[in-house]
Amino acid sequence: MTPARIAELRQETVSMFYHGFDNYMNVAFPEDELRPVSCVPLTRDQQNPRNVELNDVLGNYSLTLIDSLSTLAIIASAPPDREGTGTKALRDFQDGTAALVLQYGDGTSSTSGKGLRARGFDVDSKVQVFETVIRGVGGLLSAHLFAAGELPIDRYKPRSEWSSSIKKLPKGEIPAITWPNGFRYNGQLLRLALDLAQRLLPAFYTHTGMPYPRVNLRHGIPFYLNSPLNHDPDSEDSTEDGAPEITETCSAGAGSLVLEFTVLSRLTGDPRFEQLAKRAFWAVWDRRSSIGLLGAGVDAESGKWIGPYSGIGAGIDSFFEYALKTHILLSGHELPNITIPFEEPPDSWLDPNTIYNPLTAEENSPDAFLAAWNEAHAAIKRHVYSGIHHPHYVNVHLSTGSPQAYWIDSLGAYYPGLLTLAGEVEEAIETNLLYTALWTRYAALPERWSVRDGHVEGGLGWWPGRPEFIESNYHLYRATGDPWYLHVGEMVLKDIKRRCWTECGWAGLQDVRTGEKSDRMESFFLGETAKYLYLLFDPEHPLNSLDAAYVFTTEGHPLLIPREKLPAIIRRKAGGAKEVQPRHEIRARATCPAPQPPLPFSISTTAARPDIFHASSLVGLHHIPNTHVVEGAIYEKSQSNNEWISDSQILSNYTYYPWTLPDYLMPSNGTSNALPLGQTFTIEFPTNAPAATPSGHSNFMAFGPHGLVRLNEGILVKSLSGLRLGMVYESPSPFRALDGPLHETWRVWNIANIALGRDEQVFIPREIIGELNDPSFTRMRDPVMLDIVLQLEHDPQLNQNSSGNVEELYPDEDVLENSPGLAFDNSIANPGLASEYKTMLTSLLRHVKSALRDPAATLLPEPEIPQTYPSIKIPAIMPTGMGAAPIVDVADSPDPSEGPRTDHLSWKTIYFAGDACSKTPDEAPRKHEVIVILRGGCTFYDKLANIPSYSPSPVSLKLVIIIDHQSGEEDDGFPTGAGSGLFRPLLDRPQVTPSGLIRQNPISMVMVAGGKEVEELLRRSRSLLALATSSLSLVVATLLIQPKSPSTKTNNNIQRYQSYHNLSLPLTLEPILFAALVAIAIAMATNTLPLFLTRLLRPFSTSTSLHLAATDAAAVNVPEGAKKATIAAGCFWGVEHMFRKEFKSKGLYDARVGYIGGDTASPSYRSVCSGTTGHAEALQVFYDPSKVTYSQLLQFFYKMHDPTTANRQGPDAGSQYRSAIFYHDEEQEKVAREVTEKVNEKWWGGKVVTQILPAGQWWDAEDYHQKYLEPGNNPGGYECPSHFLRSFPPLE
């Protein structure tokens, strides 16, 4: 693109900005925003205070002007032109500042602090903390930095009126600068930012450190009655009528305040804001899941996640942004002042920091924020990133990483720009291509788009002028210099001008598909979208070459910390150290890559990428007409149909993507890589016998006919009969082998149609594998890893137990004090929380004792109980090289998870040889089955060479165990307990005896980690055994995997055998947990389960004593004349929730979930889920026919689920999830068939498979299923992904 064309686009962007800004100032100022269609101001919704979509943002403080000041300051550096763009923008910036001060005062307590509208921001507006910080505080701070000369403006050299007689300026004041308009700027914007931020401080009085989502700028937070700030919860001053105030915030809202508040603290010397924002950031980060993911919603009072979804978009987006940008902002600066260097009047001084422990030096350091970003990015790349078809990011489960929803949102378009700042340019380029293709298709970005279905998701098709996409293109252009991004910016600019222009400004799009406009010009359109477009087309702007640690906030306001204005560093003793750097190593990029040079005879490296059309294919651009004809196209008549066609339709190298790309940027011989579609296959086990009812130690749900149980680590399979395993091929593999990265792997990605997270494991108990009798499957031994099973002697105090009485085993409750597995976090804000957990466990032990206590008196002799010994497993690794010998073949040991045993394991004699760097005694290998050697001092080869020769016998040496002094922490890409922290010892020469002769019987050797702790366990061992890891090997005799080799036998390691009891708990806790599980089983059978355990187990606990009798609709308390309707549409939780929500005030009396259509009496939830009873999960609705008709209910029924899938709704598969209408009379049958016929034709394309059946016996579901998704009844935060309203035209 030529410089002249870039200048034209820059001027078009300036004109676009001024069309919106001038109309706002002339029509809407001093109100917050402009309605560009109706040409009137947009203000807060005073009639509906709970209209948070509007009132959260519009605070009645001239928001659009505040958001636009930094854009004016940036345009003020425009290159000289005939229009005088730069001079005009600087004048408008200074006039806008003066106009703002006239309305709200200068931020002082004097008479000049009172403006026409308010003194500062003393307005009765309840606003969202996050939006007020990023738009209001951030906009004022950025404008101040430009006004004070800290951020550059060409041709603006501020001269301050500094007097040597002035020794100290008041807080927030700088030496005055006189502007041409007569205004004397002395820090008014900074003081107004301080005034606004101080009004937000009450929101930070929480128990979690995360701020409440909303605050009233005048009254504070009287509506949050549980806040420590509200000492009188009975007071009703300034409270609002109606439902209690919502305490739900989001990760982005709570954790994205650090940039603005840090700069405010550093400029004013007031440390409160920086410390509060950082504490809120760490409060969110500390709640990340075990796999490093953050949820979107979180409760500011309880700190609990709301909903299970995690991704990169809405609700989470700017948290990641602020992790990296805070590192940039703080780099090169000293740690902050964490004391109060001045005193404030008591009536105006609020400091929520006083209710928390001070942050540590590490939590204040820039490196800690960089570490958080690196870990967050690693978790996103591992669990959220998908390379199928074209790289994109899906939504996954917070705890497991299993895919939950396949849509992307327009807010996520910021992420490529953030990756660019982090140096991850390749990932940024490939993921940005998808958003470019999406913009190309819709000439805007829809709010949410389904990657799976290829269309706008759930009717969310609006584009309010968001800046994230153009922001990423700006950063990518700065990093690569590729003209591709200039052309993308040109496309965006043209589409905005074509679709969003109104006489009074720029409107958002209510629907990108139809072009319908919304009557609102969001403040960020001028504050961000126009700003990034301008900077893209002004490559020589001083900000683009500024050598300083400046950043753009999430609202697009540039900020930095001036070095010469740093306050004195005053330190106080900080709290205890707190680890914020993750333990495991994160492979982070340390440098930014240099831009790739263009290919010969080409200009754009992006246009020449071999995967450029993958994103186009994913979005489906080749299936839609070309509506973006290149300007100047030559039109010709087609000889075949006599119609006009453009040259873009006849050029051989024509590309759909992007439409504005000139032909000279496209390589004439360009080729495309094959689409990276996932290669999958399915393993289906034969059906041998009906699946048994799952049982065991899990507190999680058992689902499906295969007896699958969800554990913390993955899925436990209780039966292989009829089981289907979906495998996906991944190359390169996201996992690592012990000797380096894996080139390729087959991974289990779903089991029984249940999607698995990348690190979720499939647990198959040994007895199931052992009984498998199928010619296609065999058990194999792992040639690298094995487990050392140790049978341990009891501690002396435990060996005295003779009766097995729990009270004798633990004579007092102090056993909890010394248990290493019970560690309470002293940093919890609520000091009583740890003691509460301890009390709960103590109560559990009491319950165990009372449940298992023997009768008070007995005259019968107690039978002698044989002594048992517990077992544990330690992962070990075998050596490699010429000297490596195979493990001696022995029978498998009993499974340690089966509990203590009385009989010995195979090997009972152990010799401890130290480091074995000198010859060991002759009797060591002859009379001992195991020799234990410490690593170090000499080579592995020398250690084995110092073992004397011996003749094999039943009592002679079988195994040498080398103990590594390292702890053996797991590496990335490995499950816990896999032993990935080990490395394979190298024996590069054949084994020899001490005399140098080749050993006739090489010694088997393994290495374990753990140092002295493992050595102590070995010394306590009564016996041991080397248990080779088992796996299943599948013989493939079809074209399934290798089409060119039909007879090839491929061994696939489906799942390394692991015991489902692999909890990695300290040995001393296992008896407690075992006794606790026994107590729970007894308590459940006798209905004496403690309340807190009832909450933990609900709704997955079932009992044979809980069968329900049949219920009749007449038993429901509804008025006379009520009608009932019965429908089935998949999981009844979501069906009930949506019907209650839709018809709550439209004639719904009541609704019940239950079971219908089966052939067994008194079905339970578990039996219905097995798919063997014939019942469907259903909803019975009782309604007022005068307010809502049966036809309306059925139309809603067909909108809220998918009636085209037989026996399935989304991830829920089985006959219990079928779509059905159960009619209660002939009239209902007639209406049901009429409605079904219409929706089948007009809505669902003739694919409806819904059954229409007479209603039979109805059975109410268990009580815990009723209103399950209502607030307070859903502790796990489950959301039904299958049920949502589709957008259909009305039926005639």
Side-chain angles (χ1 to χ4, degrees), residues 256 258-259 285 292 312 316-333 365-385 387 391-393 412-436 468-482 484-485 488 532 535-536 539 543-554 556 558-560 580-582 584-598 604-606 609 611 732 734 741 972-973:
S256 305
V258 188
L259 298 180
W285 180 244
I312 63 164
I316 317 175
D317 47 2
S318 57
F319 182 90
F320 305 128
E321 185 181 356
Y322 275 46
L324 178 62
K325 290 183 176 180
T326 300
H327 165 73
I328 298 172
L329 180 72
L330 296 177
S331 296
H333 296 288
S365 69
D367 290 342
F369 289 90
L370 179 62
W373 155 251
N374 287 332
E375 183 178 351
H377 174 241
I380 292 170
K381 192 66 182 291
R382 185 165 190 82
H383 302 288
V384 183
Y385 176 91
H392 59 280
Y393 303 93
Y414 81 98
Y415 197 64
L418 181 61
L419 290 171
T420 305
L421 293 178
E424 305 291 343
V425 178
E426 175 60 24
E427 184 183 351
I429 292 174
E430 63 183 14
T431 52
N432 189 66
L433 285 175
L434 181 61
Y435 290 104
T436 308
E468 287 78 13
F469 173 57
I470 195 61
E471 172 190 1
S472 287
N473 281 277
Y474 162 68
H475 287 303
L476 279 165
Y477 178 65
R478 299 306 310 163
T480 65
D482 193 330
W484 168 277
Y485 301 103
V488 173
Y532 284 122
L535 287 172
L536 175 66
L543 271 182
N544 290 332
S545 58
L546 180 62
D547 185 15
Y550 83 96
V551 294
F552 288 95
T553 69
T554 193
L559 294 178
L560 56 70
V580 293
Q581 173 72 28
H584 56 279
E585 179 185 358
I586 299 294
R587 296 172 179 84
R589 182 179 295 277
T591 59
C592 291
Q596 292 185 357
S604 170
T605 57
T606 304
R609 288 176 63 95
D611 63 346
D972 290 341

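As the structure is a prediction and not an experimental result, all values here were calculated from the model.
Of the possible donor and acceptor atoms, one in the side chain of Ser256 sits under 3.5 Å from a partner among the backbone N and O of Ser318. For the pair Tyr322 (side chain) and Thr554 (backbone), a donor-acceptor distance under 3.5 Å is present. Within the 3.5 Å criterion, the main-chain N or O of Ala428 finds a donor-acceptor partner in the side chain of Thr431.
Counting all heavy atoms, side chain and backbone alike, Tyr414 lies closest to Glu468 at N-CB, 3.5 Å. Nearest heavy atom pair, residue Leu329 against residue Leu559, reads CD1-O, 4.1 Å. Across all non-hydrogen atoms, the minimal contact from Pro558 to Tyr550 is CB-CD1, 4.3 Å. Across all non-hydrogen atoms, the minimal contact from Leu434 to Pro391 is CD2-O, 4.3 Å. Taking every heavy atom of both residues into account, Leu536 and Asn473 meet most closely at CD1-O, 4.2 Å. The two atoms that bring Thr553 and Tyr532 nearest to each other are O-OH, 4.2 Å, heavy atoms only.
When side chains are defined from C-beta on, Leu324 does not count as touching His377, because their heavy atoms never get closer than 4.5 Å. Thr436 is listed as a side-chain neighbour of Phe469, based on a closest heavy-atom distance under 4.5 Å. Using a 4.5 Å heavy-atom threshold, the side chains of Leu421 and Trp373 count as separate. Considering only heavy atoms from C-beta on, Pro539 comes within 4.5 Å of Arg478 through its side chain.
In this pair, Phe552 and His475 present their aromatic rings perpendicular. The plane angle is above 60°, beyond the 30 to 60° band.
Between His333 atom NE2 and Leu560 atom CG the span is 7.5 Å, to the nearest 0.5 Å. Leu330 CG to Lys325 NZ: the interatomic distance, rounded to the nearest 0.5 Å, is 14.0 Å.
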- Stepwise side-chain hydrogen bond (donor to acceptor under 3.5 Å, both in side chains) test for Tyr477 and Asn544: CA-CA 11 Å; Tyr477 178 65; Asn544 290 332; over 6 Å; no

- Message: For a side-chain contact (heavy atoms from CB on, under 4.5 Å) check, start with the C-alpha distance between Leu433 and Trp484, then their side-chain angles and the critical distance, and finish with the verdict.
- Response: CA-CA 11 Å; Leu433 285 175; Trp484 168 277; 3.8 Å; yes

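In summary, of the residues considered (Leu476, Leu419, Thr420), a side chain to side chain contact (heavy atoms under 4.5 Å, CB included) with Asn432 occurs for Leu476 alone.
For Glu427, the salt bridge (Lys or Arg N to Asp or Glu O under 4.0 Å) partners two or more places apart in sequence, or in a different chain, are Lys381. For Tyr385, the ring pair (Phe, Tyr, Trp, His ring centres under 6.0 Å) criterion is met by Tyr393, not counting sequence neighbours.
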